[in-house]
Amino acid sequence: MRTHLCGELRQDHAGTTVSVCGWVGRRREHGEHLAFIDLRDHSGIIQCVVDGAADLRSEYVVRITGTVRPRPEGTVNNALATGEVEVGDCTVDILSVAAPPPFPIDERADQVDEMIRLKYRYLDLRRERMQRNLRLRAAVNSAIRGAMERQGFIEVETPMLMPSTPEGAREFLVPSRQVPGSFYALPQSPQLFKQLLMVGGTDRYYQMARCLRDEDLRADRQYEFMQLDAEASFVTEAEVLEFISEAVLAAAEAAVGERPGEIEQMTWHDAIDRFGSDKPDLRFGMELVELTPVFASTEFKAFASAAAIKGIRVPGGSAQFGRNKLDALTERAKQAGAQGLVWMRVGDAGALESPVAKFLSTTEQADLVSATAAEAGDLLLLVADEWMTTCEVLGTLRNDIGRPPVHEGPYRYVWIVDFPMFVGRSEDGRPKPGHHPFTRPHPEDVDRLESDPMSVRSKAYDLVLNGWELGSGSLRIHEPELQQRIFDLLGISPEEAQRRFGFFLTPFTYGAPPHGGFAFGIDRLVAILAGEENIREVIAFPKPQSGVDPMTQAPTPVEEAQLRDLGLRLLPPRP
RNA sequence: GGUCCCGUGGUGCAGUUUGGAGUGCACGCCGGCCUGUCAAGCCGGAGGUCGCGGGUUCAAAUCCCGUCGGGACCGCCA
């Protein structure tokens with residue numbers, strides 16, 4: 001039907017007769033016998049010169065046959081990749097007529113209410129931005145598959161209908177027709193199955209896996225999302241990181257044309273201590289500065305009793321942050337868990353302007369300025385609390401103040417390793433798992449599991465890109481005895497473990513290889529590589545925050561008969 | 001569950017602070033003119049439940065209360 005794509009015509013094609021198909025974009029009519037048509041397909045736009053366009057309208061679908069020719073002197077359009085040529089002597093076949101679109105099918109739609117874009121997503125997708133994102137995503141998917149397969153991984157599909165495992169995220173449930181009153185759950189991830197694939201001798205598995213979690217939607221979260229899910233047997237942590245790094249770097253290269261350097265590693269402790277976050281954005285400085293020694297013998301009460309005092313220096317922030325903004329920062333700090341926030345404006349010769357300056361000795365003030373390398377005009381923000389709280393509060397402020405937009409480079413990948421095995425304690429005083437209960441404890445710390453569990457590190461790791469958590473993984477426990485030690489710590493008896501995870505635990509009594517794996521979010525990776533703030537921009541048919549699809553209206557009520565078939569009856573709506 | 005922001009012809013906005021006739025701008029749409037434009041240009045025209053409901057007032061897009069929808073964030077996401 002066509003010989004070329006709109007966007008590929010160049011000077012080389014001059015003199016050839018071509019047929020191009022696409023949608024009518026802008027028309028410029030100059031009387032009855034001359035009109036310029038911008039014909040658009042996914043590849044770009046080509047100007048066609050036609051003898052009258054009276055019967056053409058925006059978004060009509062046409063096939064245009066004509067001759068490629070250089071544009072006349074002085075009419076070249078450098079804003080267009082095809083701007084040196086045009087298609088002349090055109091014959092136009094109208095393949096479909098179109099109602100006027102509800103919004104312009106070009107970059108101006110970036111400003112249009114997103115609900116309208118989602119309601120008419122098929123029109124939105126015609127735009128260059130969306131086609132670029134879809135194609136970038138496809139390139140990333142393809143590169144990942146290639147990288148995994150080169151490394152000996154095979155793709156295996158796992159069930160979408162699986163038993164409910166109430167730990168973790170809220171699940172989507174699917175009522176069973178053949179077993180009335182029972183439900184399948186849609187997978188939050190293929191976690192359990194991929195480990196069973198290892199027991200099954202698959203050795204290296206991967207899957208572009210759709211995962212579903214019934215949690216509130218955000219800019220970086222949809223109900224359904226895609227993960228590169230992978231697991232490998234007989235591997236060290238370093239090998240797993242290498243496999244995944246290769247996939248990510250290959251994906252990045254496919255997306256932006258340049259392969260990033262080696263991905264650096266940072267321990268969880270360092271990430272928290274230096275950046276106040278386990279997903280640090282390394283694109284900018286403003287690192288947390290250790291100030292506890294500076295105030296070791298201070299008279300200032302709020303500092304004297306604190307386990308950890310740290311600060312961040314906001315270069316030039318003194319003028320930038322008036323009282324209103326400082327109040328807002330204080331509020332934000334409290335929201336993040338701090339008792340309060342100490343701010344100081346740095347004046348000439350290290351003079352400090354602050355409500356608390358009068359409580360600090362001259363030595364303390366001088367040491368503070370020197371520890372933070374503060375200069376006149378800077379703003380210092382100090383928090384004093386437990387180590388973790390101090391770090392996290394300052395990390396929140398650091399991001400709020402300094403974090404660049406997504407589309408601003410460079411790309412800073414970092415592996416966060418040596419996560420703590422447990423984070424906090426539940427109400428009955430039991431440690432809570434940081435990753436999941438099948439995560440392998442760090443071999444150097446395993447002796448302290450019972451005596452000092454909170455100090456035990458795990459073989460869990462996260463991949464972080466520009467402050468976004470792309471995904472996480474771990475080496476797993478393959479020995480039933482060690483697994484039961486962990487369950488004991490979590491307060492799960494052998495009987496309860498059997499009841500909750502039986503189908504998963506029994507296989508490990510039949511000879512399980514040491515194994516470990518990883519999963520990371522394709523949507524987030526693609527969004528960052530595409531320079532998009534929101535993963536909805538890299539998903540063909542996403543849902544808004546309410547979860548209601550404005551195009552399909554899903555979710556919808558169903559027929560009474562369907563409910564009866566499933567043995568279900570609806571309760572009256574909650575008041 | 002919570003905090004903050006937004007809602008005005010098909011689209012994007014101004015108007016809301018300080019109440020006074022649906023008042024305006026740009027794009028789009030319809031008709032006319034126009035032979036080198038590319039945000040084409042010129043002339044004319046159509047198009048409105050100011051999200052919805054209630055209240056205050058002589059009078060509400062504007063003030064108050066409620067509600068619906070959207071977004072960002074917190075909670076939540078082992």
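Lettering of chains follows the sequences in order, A, B, ..., and the numbering in each one begins at 1. Remember, it's a predicted structure, so these values are computed and weren't measured experimentally.
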Review point. Is the ring of A:H30 stacked on the base of B:rA40, with centres less than 5.5 Å apart and planes under 30° off?
Key: yes
Point to revise | Presence of A:N534 side-chain N/O under 4.0 Å of B:rA72 phosphate oxygens OP1/OP2 | key: yes
Check your understanding: For A:K334 and B:rC74, what is the distance between atoms NZ and P respectively, to the nearest whole Å?
Key -> 20 Å
Review point. Between B:rC27 atom P and A:R108 atom CZ, what is the distance in whole Å?
Key: 10 Å
Check your understanding: Is a donor-acceptor pair below 3.5 Å formed from side chain A:R221 to base B:rC77, judging by atom type as modelled?
Key -> yes
Exercise for review: Would you mind classifying the nucleic acid contact of A:Q111 as base, sugar-phosphate or nothing, using non-hydrogen atoms under 4.0 angstrom?
Suggested key: sugar-phosphate
Review point. For A:F103 and B:rU11, are the ring centres under 5.5 Å apart with planes inclined under 30°?
Key: no
Exercise for review: Kindly say whether, by distance alone, the side chain of A:D216 makes a donor-acceptor pair under 3.5 Å with the base of B:rG75?
Suggested key: yes
**Study point:** Nearest-Å distance once atom C1' is located in both B:rG15 and B:rC63
**Key:** 16 Å
Practice item. With heavy atoms under 4.0 Å as the rule, sort A:P544 into base, sugar-phosphate or nothing. Key: sugar-phosphate
Practice item. Select base, sugar-phosphate, or nothing to describe what A:R57 touches, counting heavy atoms under 4.0 Å on all strands. Key: sugar-phosphate
Review point. Can you find a side chain N or O atom of A:S58 that sits less than 4.0 Å from OP1 or OP2 on B:rC29?
Key: yes
Review point. Between A:Q188 and B:rC77, is there a side-chain N or O to OP1/OP2 distance below 4.0 Å?
Key: no
Practice item. Determine whether any donor atom in the side chain of A:E86 lies under 3.5 Å from an acceptor atom in the base of B:rG36, or the reverse, and answer yes or no. Key: yes
Exercise for review: Using only heavy-atom distances, decide whether a donor-acceptor pair under 3.5 angstrom links the side-chain of A:Q47 to the base of B:rU37.
Suggested key: yes
Practice item. To the nearest 0.5 Å, tell me how far A:I46 CD1 sits from A:E86 CD. Key: 8.0 Å
